[in-house]
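Have a look at the structure below, then the notes.
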2 protein chains.
Amino acid sequence: MIFKALSNETRVQILEWLKKPDANFGPQLYLPPDSDFKGGICVGSIQEKTGLAQSVVSNYLLLMKKAGLLESRRYGQWTYYRRNDETFMQLADFIKNEM
Amino acid sequence: MIFKALSNETRVQILEWLKKPDANFGPQLYLPPDSDFKGGICVGSIQEKTGLAQSVVSNYLLLMKKAGLLESRRYGQWTYYRRNDETFMQLADFIKNEM
DNA sequence: TTATTATATCTGCATTTCTAGATATGTCAA
DNA sequence: TTGACATATCTAGAAATGCAGATATAATAA
C-alpha cells in the first residue's frame, strides 16, 4: 500500500534524495552512458548513504517499487532505482479529488 | 504522522464515510441545531458502523485528529468528529510540489 | 447525591513491521 | 571453471501496531 510505503522516515528520505540524484550521490560509474535510465542510483550507493544494512535497503527499495513510487532497471550486477514521478502526481490528484 | 494515519484500511474507510455524513450515518440527534459544526458525527455512530470495539474507534479518531485529518467538538457527553478538508488539500499540494 | 450514558485511557495479548545477519542468486573477470 | 562483487531472499529477534476488555473520566438525569 502506498501510504504504508510512505510511513517510514528513512524511505521518505530516500525518495527525497532521489529527487536530485546528482547532488546527493556520487557518479554511477557502471550505468551505461547511453542508457535512457538517467537519474538511476544503484542499491549500494543508497545503502551507503543511509548507513542501514544492505538487506534493509534492498527491501525498502523493493517495497517502494511495489507501491509504484520507484522504478528499477538492472545493468549487469547493478540494480538502479529512480523515482516514478507519475505516481506522485497521481497520488496528489487522488487525494485532492477522491479522498 | 499523516501517512501512518492513512495506512489503515478502516481509518481510510471512516474518512470516506465522513465525506457524506448525512448519507452514511443516521441523524445526530444531540448535535445542537444551531451548531456551526455541521457534518460532525459522534463516536458511537462511527463505532457502530465499523463494528469494531469502542476503544479502537476512539483511538482511531484521536489518531486522525492528531494527524490533522479530523477535527472534533464536544457537546455534552458526545464528541463529534468531522473531516478537516484543509489538511487534505495541503497534503495533495505537498505531494505535488514538495515530494 | 447516585445511576446512566458517551468517550477516553489503560492493560495485555496477537499480529505485523522493522532491522540486521546469513545465505542464495546472478553477473562479471580472470 | 573459480572467485569476487552486487543484489535479493531467508531467518529470527526486537519494536510497533491492532484490537478488545476493563477501567476512568465527564456529562446528564433522576
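Note that the structure is predicted; figures quoted are calculated from it, not measured. Sequence lines set the chain letters: A, B, ... in the order given, protein chains first and strands last, and positions in each chain run from 1.
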| Roughly, in whole Å, what's the span from OH in Y80(A) to P in dA6(D)? | 10 Å

| field | Lys/Arg N to Asp/Glu carboxylate O, D36(A) vs R73(A), below 4.0 Å | value | yes

| Taking only residues two or more places apart in sequence or in another chain, which ones pass side-chain hydrogen bond (donor to acceptor under 3.5 Å, both in side chains) with S72(B)? | K65(B)

Between protein and nucleotides 20-24 of chain C, what N or O pairs are separated by less than 3.5 Å?
{"from": "dA20(C)", "atom 1": "OP2", "to": "A53(A)", "atom 2": "N", "distance (Å)": "3.3"}
{"from": "dA20(C)", "atom 1": "N7", "to": "S55(A)", "atom 2": "OG", "distance (Å)": "3.0"}
{"from": "dG21(C)", "atom 1": "N7", "to": "S55(A)", "atom 2": "OG", "distance (Å)": "3.4"}
{"from": "dG21(C)", "atom 1": "O6", "to": "S55(A)", "atom 2": "OG", "distance (Å)": "3.0"}

| request: Keeping the roles fixed (side chain from R74(B), backbone from G76(B)), state whether a donor-acceptor pair exists under 3.5 Å. | output: yes

| request: Output yes when at least one side-chain N/O atom of Y81(A) is less than 4.0 Å from OP1 or OP2 of dA8(D), else no. | output: yes

| Of the residues in residues 8-43 of chain A, which ones touch DNA chain D at a heavy-atom distance under 4.0 Å? | C42(A), V43(A)

| How close or far is atom P of dC18(C) from atom CG of L62(A), stated in whole angstroms? | 14 Å

| task | Round to the nearest Å and state the distance from I46(A) atom CD1 to dA8(D) atom C1'. | result | 14 Å

| said: If the cut-off is 4.0 Å, is K4(B) near the phosphate of dC18(C), judged by side-chain N/O to OP1 or OP2? | reply: no

| request: To the nearest Å, give me how far apart CZ (F3(A)) and P (dT17(D)) are. | output: 17 Å

| said: Contact list please: residues 67-78 of chain B against DNA chain C, heavy atoms, distance less than 4.0 Å, in numerical order. | reply: Q77(B), W78(B)

| query | Is a side-chain N or O of Q47(A) found less than 3.5 angstrom from the main chain of L52(A), in a donor-acceptor match? | reply | yes

| note | Students should find that the hydrophobic cluster of M89(B), defined by side-chain heavy atoms under 4.5 Å apart, otherwise consists of none

| task | Quickly, which of R11(A), M64(A), R82(A) forms a side-chain contact (heavy atoms from CB on, under 4.5 Å) with L70(A)? Name it, please. | result | M64(A)

| OP1 or OP2 of dA8(D) under 4.0 Å from side-chain N/O of T79(A) | yes

| query | What's in the same ILVMFWY side-chain cluster as L31(A), cut-off under 4.5 Å, chained through other members? | reply | L29(A), Y30(A), F37(A), Y75(A), W78(A), Y80(A)

| For the residue pair M1(A) and L6(B), what are the closest heavy atoms and their distance? | CE-O, 3.6 Å

| note | Separation between CG (L18(A)) and CD1 (I46(A)), nearest 0.5 Å, reads 5.0 Å

| request: Could you state the atom-to-atom distance from CG of L63(A) to C1' of dA8(D) in whole Å? | output: 14 Å

| Is E71(A) close to E86(A) at the side-chain level, that is, under 4.5 Å between some pair of heavy atoms? | no

| note | Taken to the nearest whole Å, CD/Q47(B) to P/dA6(C) is 10 Å

| said: Working note: D85(B) + K19(B), criterion salt bridge (charged side-chain N to carboxylate O under 4.0 Å, His left out); need CA distance, chi angles, decisive distance, verdict. | reply: CA-CA 9 Å; D85(B) 283 316; K19(B) 277 185 75 173; over 6 Å; no

